[in-house]
Amino acid sequence: MSNKVRVRFAPSPTGGLHLGGVRTVLYNYLFARHHGGEFVLRIEDTDQTRFVEGAEEYIYKCLEWCGLEPDESTKKGGPYAPYRQSERKHLYYQYAQQLVDKGYAYYAFDTPEELERRRSEMAKDGHAGTNFQYDATTRRQMRNSLSLSTAEVLELLDKNTPYVIRIKVPFGQTVTFTDMIRGEITFDTSLVDDKVLLKADGMPTYHLAVVVDDYLMKITHAFRGEEWLPSAPVHLLLWKYLGWEADMPQWAHLPLILKPDGNGKLSKRDGDRLGFPVFAMDWNDPKTGETTRGFKEIGFLPEAFVNMLAMLGWNPGKEQELFSLSELVQYFSIERVHKGGAKFDYEKAKWYNQQHIHHSSDEKLLPLVKPYIVAHAPAVDDTYLLKVIGLVKERCGLLPDFWEQGHFFFETPEIKELDAIKAKWDDNKRSFFNSWKENLSSVSDWEHTTIEQTFTDSLQQHGLKKGDIMLPLRIMLVGGKYGPGVFVIAEMIGKEETLKRIQNALSLL
RNA sequence: GGCGCGUUGGUCAAUCGGCUAAGACGCCUCCCUUUCACGGAGGAAUGACGGGUUCGACUCCCGUACGUGCUACCA
């Protein structure tokens, strides 16, 4: 019996992969790698009404982009295949039946309409906000194998009456477990309802499936969002009733990622509203045809995205903030995960990206940046692009910024700040540019130091200071007040283009 | 409503009873750069509230408030 760490990420393929989802994957992955364990991807597609075409494939793409690939999955296979719950459908019934046989669960014949009616009656009855709960206090009033006689039950079953199997949650017991992040957590079972385990269509609900599969797949540590905490007692009871208590994984309920303004769980809507991505990658909803922007497409580096996510709810207890994935693996510990939810801060997310861009080599950046440049300037030379990347990368927060910050290396820019030159323009300056152009034409080694030398020489002849001309020159070459050193830019774009841009600007003044 | 969970600057957060309460993002000032950015130096800004326990509480306990999650044949 090995006690190898095994964790799992178990998404339901119903849409875009949310920030919080990626962080759950990340913590699973980091924990597994840190302990030399295995990371499993299990697809929880037990709700056939929510099936979305392409969602599963999309999840794989996101994990691949993030560099968080599972050891076992529906794609990769593994010793506990299949990893898609819909393909494991046949497994669940026997466990549900086993629970019925032992008196821990029962058949219920109430139709969804009947249940709905009970709920609305309850709401009307002056108990606003109070919900009808199917539990020890009410199940005798319902139609199930506990309230009906054996003969009635048999007859209903015989007539193929649709039924569900519900767990029989005991009254007045205390259920306790230790969460790796939150410590001891206690529930009173009287407040827990008789959750459906097996649906009328024969599919298990999350509650049954998660314990059966975690057991069968020998999961040792189970991480999930805090929103699952209230249903933890059901899962605990199930582990116990199925006789697997000794093999139950250790639980950790992760804090939520909150919206930046106000409070509450971060949703796709918040991203749309506040103008930042929430999904890892672009998601095209096949039903609405709508596309939601992802971090990848907006110009994030996967390692920056992962670094930022890791720090949202966890910290290493030291001052370092920039980590590679392998460093995160090295330092990660679940105990250092924060208990409280964290508000997502897009500004800080961009800072992480800027830092990772800054610290990446030009060669590594080349293939990532190139598409953004080629979109505007199809014929780019890699060697030239490489130099540009080195020159502008520290002023880029997002990949598309490379074009914004370096477009003038590839095209003659529109002079947007002509007014800034005009303000202090005079004949002497014009005459300076005319004579400097002459000098420039005869420069044979077109190199920034030489260019600057002729510049200084011409300056002296006209009794001008460097400060008088630097800004006009920059605007002539760049179009605005930004960019790397002007003489380096002149060197890069070449003599002909430099002269052309000066002449062009002169004609506008 | 009930139950669970949470609460250190605007945001992410360190602190595991000794605090004159780190650091980062953002903001402001200055330096560097005769541009912008990077980088550097500063600055403003924090323990929800009330009770205990203790020589000493941000740290432990109890209440209160506030926030949030759940309360489906969804996950």
Side-chain angles (χ1 to χ4, degrees), chain A residues 10-14 44-47 49-50 85 108 110-112 115-116 119 123 127-134 162-166 179 181-182 185-188 190-193 195-207 209-210 224-233 253 255-256 258 260-265 308 311-322 335-336 338-352 354-355 358 392-397 401 405 417 420 465-471 473-475 478 480-486:
Chain A
S12 53
T14 52
E44 308 224 337
D45 58 345
T46 54
D47 186 356
T49 64
R50 292 212 303 164
Q85 289 182 329
D110 320 272
T111 64
L115 291 169
E116 188 43 51
R119 289 192 189 102
H127 303 315
T130 309
N131 285 324
F132 164 70
Q133 189 165 288
Y134 208 122
Y163 67 91
V164 299
I165 292 180
R166 308 186 87 111
D179 185 279
I181 296 171
R182 294 154 205 279
I185 297 173
T186 302
F187 298 91
D188 176 357
S190 308
L191 280 348
V192 177
D193 63 329
K195 287 260 184 289
V196 170
L197 264 22
L198 203 74
K199 301 186 258 190
D201 65 0
M203 277 288 192
T205 58
Y206 171 81
H207 307 293
V210 75
R224 68 201 337 182
E226 188 186 338
E227 68 268 29
W228 289 107
L229 216 35
S231 56
H253 290 88
L256 266 14
L258 278 14
D261 58 337
N263 292 298
K265 247 201 305 193
M308 177 275 290
M311 305 305 282
L312 210 55
W314 171 86
N315 85 86
K318 55 179 198 168
E319 287 193 8
Q320 184 179 351
E321 298 212 67
L322 267 15
E335 293 79 13
R336 292 201 66 91
H338 229 248
K339 292 184 181 77
K343 288 186 182 177
F344 176 66
D345 181 354
Y346 189 49
E347 290 307 314
K348 187 134 191 193
K350 283 193 286 191
W351 176 78
Y352 277 105
Q354 183 264 115
Q355 290 293 311
H358 190 120
V392 304
K393 69 179 177 186
E394 61 254 27
R395 58 203 87 201
C396 295
D401 293 347
Q405 294 295 327
E417 310 228 29
K465 286 177 299 187
K466 216 178 164 186
D468 299 328
I469 299 299
M470 287 298 276
L471 195 63
L473 174 59
R474 166 172 300 279
I475 293 169
V478 170
K481 298 185 229 177
Y482 57 94
V486 253

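Just so it is clear: chains get the letters A, B, ... in the order the sequence lines come, proteins before strands, and each one is counted from 1.
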Looking at [X], does any N or O in its side chain come under 4.0 Å of the phosphate oxygens OP1/OP2 on [N]?
| X | N | result |
| --- | --- | --- |
| A:Arg395 | B:rG39 | no |
| A:Arg224 | B:rC5 | no |
| A:Asn315 | B:rA14 | yes |
| A:Ser12 | B:rC74 | no |
| A:His207 | B:rA75 | no |

Could you tell me whether [X] contacts a base, only the sugar-phosphate backbone, or nothing, with contacts defined as non-hydrogen atoms closer than 4.0 Å?
| X | answer |
| --- | --- |
| A:Ala200 | base |
| A:Pro233 | nothing |
| A:Lys339 | sugar-phosphate |
| A:Gln355 | sugar-phosphate |
| A:Asp201 | nothing |
| A:Thr46 | sugar-phosphate |
| A:Leu258 | nothing |
| A:Phe187 | sugar-phosphate |
| A:Gly483 | base |
| A:Lys265 | sugar-phosphate |
| A:Gly313 | sugar-phosphate |
| A:Leu256 | sugar-phosphate |
| A:Arg50 | base |
| A:His253 | nothing |

Any idea how A:Trp228 and A:Tyr206 line up, ring-wise: parallel (<30°), tilted (30 to 60°), or perpendicular (>60°)?
->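 Plane angle under 30°, so parallel.
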Given [options], identify the nucleotide with an atom nearest to the side chain of [X].
| X | options | result |
| --- | --- | --- |
| A:Glu227 | B:rC12, B:rG69, B:rC25 | B:rG69 |
| A:Val196 | B:rC70, B:rC5, B:rC73 | B:rC73 |
| A:Arg336 | B:rU8, B:rC25, B:rU15 | B:rU15 |
| A:Asn131 | B:rU35, B:rU71, B:rC73 | B:rU71 |
| A:Arg182 | B:rC5, B:rC25, B:rC70 | B:rC5 |
| A:Arg166 | B:rA14, B:rC12, B:rC73 | B:rC73 |
| A:Glu347 | B:rC73, B:rU15, B:rG26 | B:rG26 |
| A:Leu229 | B:rG4, B:rA75, B:rU34 | B:rG4 |
| A:Lys199 | B:rU35, B:rG23, B:rA75 | B:rA75 |
| A:Leu191 | B:rG6, B:rU68, B:rC3 | B:rC3 |

Judged by atom type as modelled, is there a donor-acceptor pair below 3.5 Å linking the side chain of [X] to the main-chain atoms of [Y]?
| X | Y | value |
| --- | --- | --- |
| A:Lys199 | A:Thr46 | yes |
| A:Arg336 | A:Trp314 | no |
| A:Arg224 | A:Ala10 | no |
| A:Asp345 | A:Glu347 | yes |

Watson-Crick and G-U pairing of RNA chain B written in dot-bracket, each distance under 3.5 angstrom, with | for inter-strand partners = (((((((..(((.....[....))).(((((.......)))))....(((((..]....))))))))))))....
5' precedence on RNA chain B between A:Lys481 and A:Val164 (nearest-nucleotide basis) |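 It is A:Lys481 whose nearest nucleotide is closer to the 5' end.
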Which residue lies more 5' along RNA chain B, comparing A:Ala108 with A:Pro230 via nearest heavy atoms =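 It is A:Pro230, whose closest nucleotide lies nearer the 5' terminus.
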Take atom [atom1] in [N] and the same atom in [M], then report the distance between them in whole Å.
| N | M | atom1 | result |
| --- | --- | --- | --- |
| B:rG50 | B:rA45 | C1' | 26 Å |
| B:rG47 | B:rA21 | C1' | 8 Å |
| B:rC49 | B:rC66 | C1' | 10 Å |
| B:rU15 | B:rG1 | P | 36 Å |
| B:rA57 | B:rU20 | P | 12 Å |
| B:rC16 | B:rC38 | C1' | 38 Å |

Do A:Lys195 and B:rA72 have a side chain to base donor-acceptor pair shorter than 3.5 Å?
->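 No pair found.
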Between CG of A:Asp401 and NZ of A:Lys393, what distance do you get to the nearest 0.5 Å?
->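 Output value for this atom pair is 15.0 Å.
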Atom-pair distance (CD on A:Gln133; C1' on B:rG1), nearest Å |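 Nearest whole value for this atom pair: 12 Å.
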Atom-pair distance (CZ on A:Phe132; P on B:rC3), nearest Å =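 It is 19 Å, rounded to the nearest whole Å.
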Do other residues, nucleotides or ligands put more than 12 heavy atoms under 6.0 Å from the NZ atom of A:Lys339?
->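 Open.
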Under-4.0 Å salt bridge between A:Asp193 and A:Lys195 =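 Between A:Lys195 and A:Asp193 there is a salt bridge, with a charged N closer than 4.0 Å to a carboxylate O.
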Does the distance from a Lys or Arg side-chain N to an Asp or Glu carboxylate O, for A:Asp47 and A:Arg50, drop under 4.0 Å?
->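 Result for this pair is yes, salt bridge flagged.
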Do A:Gln85 and A:Met203 come close enough that some side-chain heavy atom pair is under 4.5 Å?
->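 A:Gln85 does not reach A:Met203 side chain to side chain.
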Check side-chain contact (heavy atoms from CB on, under 4.5 Å) between A:Leu115 and all other residues, then give those that pass, not counting sequence neighbours.
->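 Listed in chain order: A:Asp110, A:Arg119, A:Phe132, A:Tyr134, A:Met142, A:Arg166.
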